[in-house]
Amino acid sequence: MTTPPFVPGLELARRFYSEAVRPLLDAEAPGVVHSAARVGGGSEVLGFDTPRSADHEWGPRLELFLRPGDVDRHGARIWDVLAERLPNAFHGYPTHFAATAEEGIRVMRATDGPVHHRVDITDAGGWFTERLGFDPGRGVTVADWLSAPTQRLAEVTAGAVFHDGLGQLVPARATLDWYPHDLWLYLLACQWRRVSQEEAFVGRCGEVGDELGSAVVAARLVRDLMRLCLLMDRRYPPYGKWLGSAFARTPQAASLTPVLTAALAATDPQTREDRLARAYEVVADAHNQLGLTDPVDPATRPYHGRPFRVLRAERFAEALTARVADPSVRALPPTGAVDQFADSTDVLSHPARARAVTGGLEH
């Protein structure tokens, strides 16, 4: 089978719905109201897919949303109709997804019989709850926001809605588009605090001859600065695989990327510290340009009486915290959302586990 020219998965899904799935729904389930989208997991949802992505869970696929009762009454029949009537290939890509040796992972594979398609049929409330741990159609609490990993928030707000006959997807995604203002200030403050906690350690590790430790701290600070820039740009930071790709789309990327790269490539603590100091000042200027607080001096300085060059990033955290008006947000501990104090993909990819580790933050 000849490999077809690569089509971004989101565009492939759009065509698949309009040209193949929608006509069958109109013919075989004309009275069943539905919404259709490509959202959730998958590099194509965030716009980062490449030909490599086609090796698993990528291809002509989408999510089909029905009313809960209609999922029970019609879901199985619609799945069967699509299995029997969808073309075996769409624009050169198989519509059949075959199981692999890895549990839960399927790949496109040619077949002559009915297809095991990836038109996933569900209801909106259940789908959001499975992805996030809550249904935004019922409101979003502070605890909901804090326990939702930013990767998951990115997955449910990116992608595309092709049709919203239910009138639920578009409003839910609008609700989740970004944090409430005071919560945004709080999360920015917590991210600045992460920087403040370690910015002096690059030099201190170097002073005691711990070159590896200095490099590790520098890498952590680079990551924290990248995530901070995404938060300032009102973008949900994705998990590690796509963090650099997402950061490249921020306004600060053009000036910061060479500086951060040089910090990571440095082979001595002083060079590492100098490059990070420049990065701190760029990000501090970006903070001031947002106008969220009174201007904060963006210049770096010695760390108390020690010869380590730092920003004293806690100054930015304090300025942001002072602008939080909501008493419930002001009362939160300075730990932030789950991504800001947990670094386990296992936790961040399971809403129930994320909610468990953030259970006390609302109080």
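Side chains are part of it too, since the values below use all heavy atoms of this structure and drop only hydrogens, waters and symmetry mates.
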task = Start with the C-alpha distance between Arg323 and Thr293, add both sets of side-chain angles, then the distance that settles side chain to side chain donor-acceptor pair (under 3.5 Å), and finish with yes or no.
result = CA-CA 7 Å; Arg323 291 297 183 92; Thr293 70; over 6 Å; no
| request: Please report the C-alpha distance between Arg312 and Glu199 in whole Å, then the side-chain angles of each, then the deciding distance to 0.1 Å, and finally whether the salt bridge (charged side-chain N to carboxylate O under 4.0 Å, His left out) criterion is met. | output: CA-CA 8 Å; Arg312 297 297 300 274; Glu199 58 181 333; 5.6 Å; no
Single-linkage hydrophobic cluster Leu243~Leu221, side-chain heavy atoms < 4.5 angstrom: yes
Hey, is Arg272 close enough to Asp274 for a salt bridge, meaning N to O under 4.0 Å? no
Given the options Glu63, Glu11, Glu155, Arg38 meets salt bridge (charged side-chain N to carboxylate O under 4.0 Å, His left out) only with Glu63
Using the ring of each side chain (for Trp, its six-membered ring), is Phe316 parallel, tilted or perpendicular to His287, with breaks at 30° and 60°? perpendicular
request  = Anything under 30° is parallel, anything over 60° is perpendicular, the rest tilted; go ahead and classify His163 against Tyr17.
outcome  = parallel
Check: In the single-linkage hydrophobic clustering (I, L, V, M, F, W, Y; side-chain heavy atoms under 4.5 Å), do Leu62 and Val107 co-cluster?
Finding: no
Shortest non-hydrogen pair, Arg249 vs Leu46, comes out as NH1-O, 3.4 Å
Quiz item: Any sub-3.5 Å donor-acceptor pair from Asp135's side-chain atoms to Thr129's backbone N or O?
Solution: no
Problem set entry | ILVMFWY cluster, Leu320 and Val324 together (side-chain gap under 4.5 Å) | yes
d(Asp123 CG, Leu66 CG) to nearest 0.5 Å is 8.5 Å
Subject >> Heavy atoms of other groups near Phe48 CZ, more than 12 under 6.0 Å >> reply: yes
The reported gap from OG in Ser147 to CZ in Arg152 (rounded to nearest 0.5 angstrom) is 11.5 Å
Decide if the gap between the ring center of Trp58 and the ring center of Phe97 is smaller than 6.0 angstrom. no
Same cluster or not: are Val222 and Val259 linked, directly or through other Ile, Leu, Val, Met, Phe, Trp or Tyr residues, by side-chain heavy atoms under 4.5 angstrom apart? no
For His74, the ring pair (Phe, Tyr, Trp, His ring centres under 6.0 Å) test, sequence neighbours excluded, returns none
Result for side-chain hydrogen bond (donor to acceptor under 3.5 Å, both in side chains) between Asp224 and one of Arg193, Arg194, Gln340 points to Arg194
For atom CG of Asp112, decide whether the heavy atoms of other residues, nucleotides or ligands shown that lie under 6.0 angstrom number more than 12.
no
Following the transitive rule for hydrophobic clusters with a side-chain heavy-atom cut-off under 4.5 Å over Ile, Leu, Val, Met, Phe, Trp and Tyr, establish whether Val119 and Leu24 coincide in one cluster.
yes
Check your understanding: Hey, would you say the Phe162 and Phe16 ring centroids sit under 6.0 Å apart?
Key -> no
